[in-house]
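Notes follow the structure.
Just so it is clear: chains get the letters A, B, ... in the order the sequence lines come, proteins before strands, and each one is counted from 1.
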2 protein chains.
Amino acid sequence: MQDAYGRPAVSYGIFTQFNECSMPAQTLRQLNVVQLRTACSSCSVHELCLPAGLDQHGLEQLDRIVNRKRPLKRGEYLYRAGSALQSLYAVRTGFLKSSVLHDDGREQVAGFHMTGEMLGMDAIGSGKHICDAIALEDSDVCEIPYNELEQLSRNIPALQHHFHRIMSREITRDYGVMLLLGSMRAEERLAAFLLNLSQRFASRGYSPLRFHLRMTREEIGSYLGLKLETISRAFSQFQNEGLVTVRNKSIEISDLERLRLLIGHCSER
Amino acid sequence: MQDAYGRPAVSYGIFTQFNECSMPAQTLRQLNVVQLRTACSSCSVHELCLPAGLDQHGLEQLDRIVNRKRPLKRGEYLYRAGSALQSLYAVRTGFLKSSVLHDDGREQVAGFHMTGEMLGMDAIGSGKHICDAIALEDSDVCEIPYNELEQLSRNIPALQHHFHRIMSREITRDYGVMLLLGSMRAEERLAAFLLNLSQRFASRGYSPLRFHLRMTREEIGSYLGLKLETISRAFSQFQNEGLVTVRNKSIEISDLERLRLLIGHCSER
DNA sequence: CGTCCGGTTGAAACATGTCAAAGAAGGTGG
DNA sequence: CCACCTTCTTTGACATGTTTCAACCGGACG
């Protein structure tokens, strides 16, 4: 069972309807209070954000600290640069970006976040977030109060280790982006970006070959260190070469292998 | 008391001589065994890598797990991409780089590391290092077995929190590099780089205005996503404009303020 | 003393950015 | 449900910044 975007239907309780109807805010808030304790143990995507080796007792303890935030509408901020660290967040459904703002107004998209991914670790160092996190579509996130996570992870080694791994993976991801920004040309960057998305969709049970971009060309460009026109041209180029079929924000990868080969073979820069 | 590079003399026991004389390797190794237990508590730079709130007991426990590695010669690897995670490392003296290698041989320098900075966190996620760490000058590092650190940090909240902060700061640093690579032009990048070095030297008690670069133009270029010729030209440009005086690898910043202004005011890219 | 490595500089090539115009998509309110 | 408005996207022509290629310099080192 899949939706219009080729996403497998994920059941996540009565929250589903919140994205589809427009309840008055008042009702919504009341329901949320009830929802605050929604259990990780019954979450359909918990294998994405929780350690495999977590036993029943550990799960229960975690359930006790994890809250569900009010669903975010497209364009809403999850947190803003400068705001104090309260919690880390795990994406339950939806799609977010985080972006760093330079003093002079330049924006650099630092990452895109999808189901099962964790946000907010940038704030642990200084106690303040250094980037904005913004929903690119209506999204639903779990909130993990940071202090309680730290405390709990002292008692549950598996959780502790898992948390370290998540932070470390953020670091390695960043290194990958640096490699991309520092040494690839435009088409390579876009190919790498598409392949990365493809792989992330695939590991969540979506099609690796057909997906919808949730972000604009400008946001892709910002992430890849390019202008939106360059992104647009690169897409056209890929399409002309029969690598992908682009129709607005829907992408179909026609030749995954050639897309892979493109990286590292189109220049020696 | 300063050395030829304007660095304050750091006393760190009998190890000092290892950098200055050339003992037979055999003798060296024997001495190292004795040195393995060199105490953090007596380390002159421990305020750089250890939490402020660590009490005497905590320090002693940490001393028990931290080893001193054999000093690295210039050009030696601390670890290589692909090697299994054993330990994290704190730079005691010296200067290292970490670099990611792309399949096709392209190298991207992901960071430079100086006294008090921690390396190796990239490996926690997968259990393997994803980058090479190479000494750019003779260096001396402390080795912190990762498993033991994880265990110890469960018992010492201050240590745990400190470790999280260090990882988080690595993430925010990476975001800064992404901003730089993604949205700055060549001269801005170099200015940002120099200012960053300046500030790091300053916080270690060295001069913020005069310092020696430990890396080549090519390594700077790789870090900044530019070619070595571009770095060279940018240095010449800065010199012509009276911003810095460059003589080989020695840098003197003549106009810190104008260097700062340069970032964000030379383009709107 | 010659060689090698790192650095500098110039000229030309090239990739990407900039500016502009026009078209398509998507959301909003009547 | 349509019309309008805004935002996003595409494409072209041109400008610009950075790379590429090549020559040369100077210091370090055997």
Side-chain angles (χ1 to χ4, degrees), chain A residues 4-5 22 73-76 97 106-109 134 136-138 180-191 193 212-240 244-251 262 265-269, chain B residues 4 22 73-75 97 106-109 136-137 180-191 193 212-240 244-251 262 265-269:
Chain A
Y5 289 163
S22 51
K73 287 252 167 239
R74 186 159 93 88
E76 263 188 289
K97 70 170 174 180
R106 275 179 286 192
E107 181 198 25
Q108 169 77 25
V109 173
I134 303 169
L136 294 182
E137 62 180 15
D138 294 358
L180 181 145
L181 291 173
S183 65
M184 292 187 188
R185 48 202 7 225
E187 295 194 359
E188 289 180 285
R189 293 186 200 189
L190 187 60
F193 174 70
H212 268 252
L213 300 173
R214 266 68 164 188
M215 70 297 281
T216 66
R217 303 285 191 265
E218 183 164 25
E219 286 160 336
I220 299 174
S222 170
Y223 182 62
L224 300 179
L226 299 165
K227 291 279 123 179
L228 66 100
E229 293 95 331
T230 308
I231 301 298
S232 182
R233 280 185 243 273
F235 269 134
S236 303
Q237 180 71 16
F238 284 174
Q239 176 138 304
N240 289 338
V244 301
T245 310
V246 188
R247 198 185 152 74
N248 305 320
K249 298 202 164 164
S250 91
I251 298 289
L262 206 141
H265 288 271
C266 87
S267 102
E268 204 42 52
R269 166 146 143 187
Chain B
S22 51
K73 287 250 166 242
R74 187 160 94 88
K97 69 170 174 181
R106 275 179 288 192
E107 181 199 25
Q108 170 76 25
V109 173
L136 294 182
E137 62 179 15
L180 181 146
L181 290 173
S183 63
M184 291 187 187
R185 47 195 318 123
E187 294 194 0
E188 289 180 285
R189 294 185 199 188
L190 187 60
F193 174 70
H212 269 253
L213 300 173
R214 267 66 165 190
M215 70 297 281
T216 65
R217 302 284 191 266
E218 183 164 25
E219 285 161 336
I220 300 174
S222 169
Y223 182 63
L224 299 179
L226 300 165
K227 293 278 124 180
L228 66 99
E229 293 95 331
T230 309
I231 301 298
S232 181
R233 280 186 243 271
F235 268 134
S236 302
Q237 180 71 15
F238 285 174
Q239 176 139 306
N240 289 339
V244 299
T245 310
V246 188
R247 197 185 154 74
N248 303 321
K249 298 200 164 166
S250 91
I251 298 288
L262 206 141
H265 287 270
C266 88
S267 105
E268 204 42 54
R269 165 147 143 190

Query - Partner set under side chain to side chain contact (heavy atoms under 4.5 Å, CB included) for B:Ser250, not counting sequence neighbours - result: B:His212, B:Arg247
Report summary line: Whole-Å distance, A:Gln237 CD to C:dT16 C1', equals 14 Å
**Report entry** Nearest-0.5 Å distance that lies between atom CD in B:Glu187 and atom CG in B:Leu226
**Finding:** 10.5 Å
Query raised in the report: How about B:Gln239: does its CD atom have over 12 heavy atoms from other parts shown lying under 6.0 Å from it?
Result: yes
Report summary line: note: B:Ile220, atom CD1; D:dT18, atom P; distance rounded to Å ~ 16 Å
Report summary line: When rounded to whole Å, the CG to P distance for the pair A:Leu136 and D:dT7 reads 17 Å
Query raised in the report: Roughly, in whole Å, what's the span from CE in B:Met184 to P in D:dT18?
Result: 13 Å
Query raised in the report: Taking only residues two or more places apart in sequence or in another chain, which ones pass side chain to side chain contact (heavy atoms under 4.5 Å, CB included) with A:Ile134?
Result: A:Tyr77, A:Lys97, A:Asp132
Query - Spacing between B:Arg106 atom CZ and D:dT19 atom P, to the nearest angstrom - result: 14 Å
Query raised in the report: Who are the side chain to side chain contact (heavy atoms under 4.5 Å, CB included) partners of A:Arg217, not counting sequence neighbours?
Result: A:Leu213, A:Leu228, A:Ile231, A:Phe235, A:Val246
Query raised in the report: Are there more than 12 heavy atoms of other residues, nucleotides or ligands under 6.0 Å from atom CD of A:Glu107?
Result: yes
Report summary line: So CD1 of A:Ile220 and CZ of A:Phe193: to nearest 0.5 Å the spacing works out to 4.5 Å
Query - Pairing residues for A:Gln237 by the side chain to side chain donor-acceptor pair (under 3.5 Å) criterion, not counting sequence neighbours - result: A:Glu241
Report task. Can you tell me the distance, in whole Å, between the CD atom of A:Glu137 and the C1' atom of C:dG27? Result -> 17 Å
Query - Interatomic distance, A:Lys227 NZ vs D:dT16 P [rounded to whole Å] - result: 16 Å
Report summary line: Rounded to 10°, the angle between the first-five-pair and last-five-pair axes of the helix from C:dC1-D:dG30 to C:dG30-D:dC1 is 50°
Query raised in the report: To the nearest Å, how far apart are A:Glu219 CD and D:dT7 P?
Result: 14 Å
Query raised in the report: Only one of A:Arg214, A:Lys249, A:Lys73, A:Arg74 forms a salt bridge (Lys or Arg N to Asp or Glu O under 4.0 Å) with A:Glu137, so which one is it?
Result: A:Arg214
Query raised in the report: Taking protein heavy atoms under 4.0 Å as touching, what does nucleotides 5-13 of chain C look like 5' to 3' if B marks base contact, S marks sugar-phosphate-only contact and - marks none?
Result: --SBBBB--
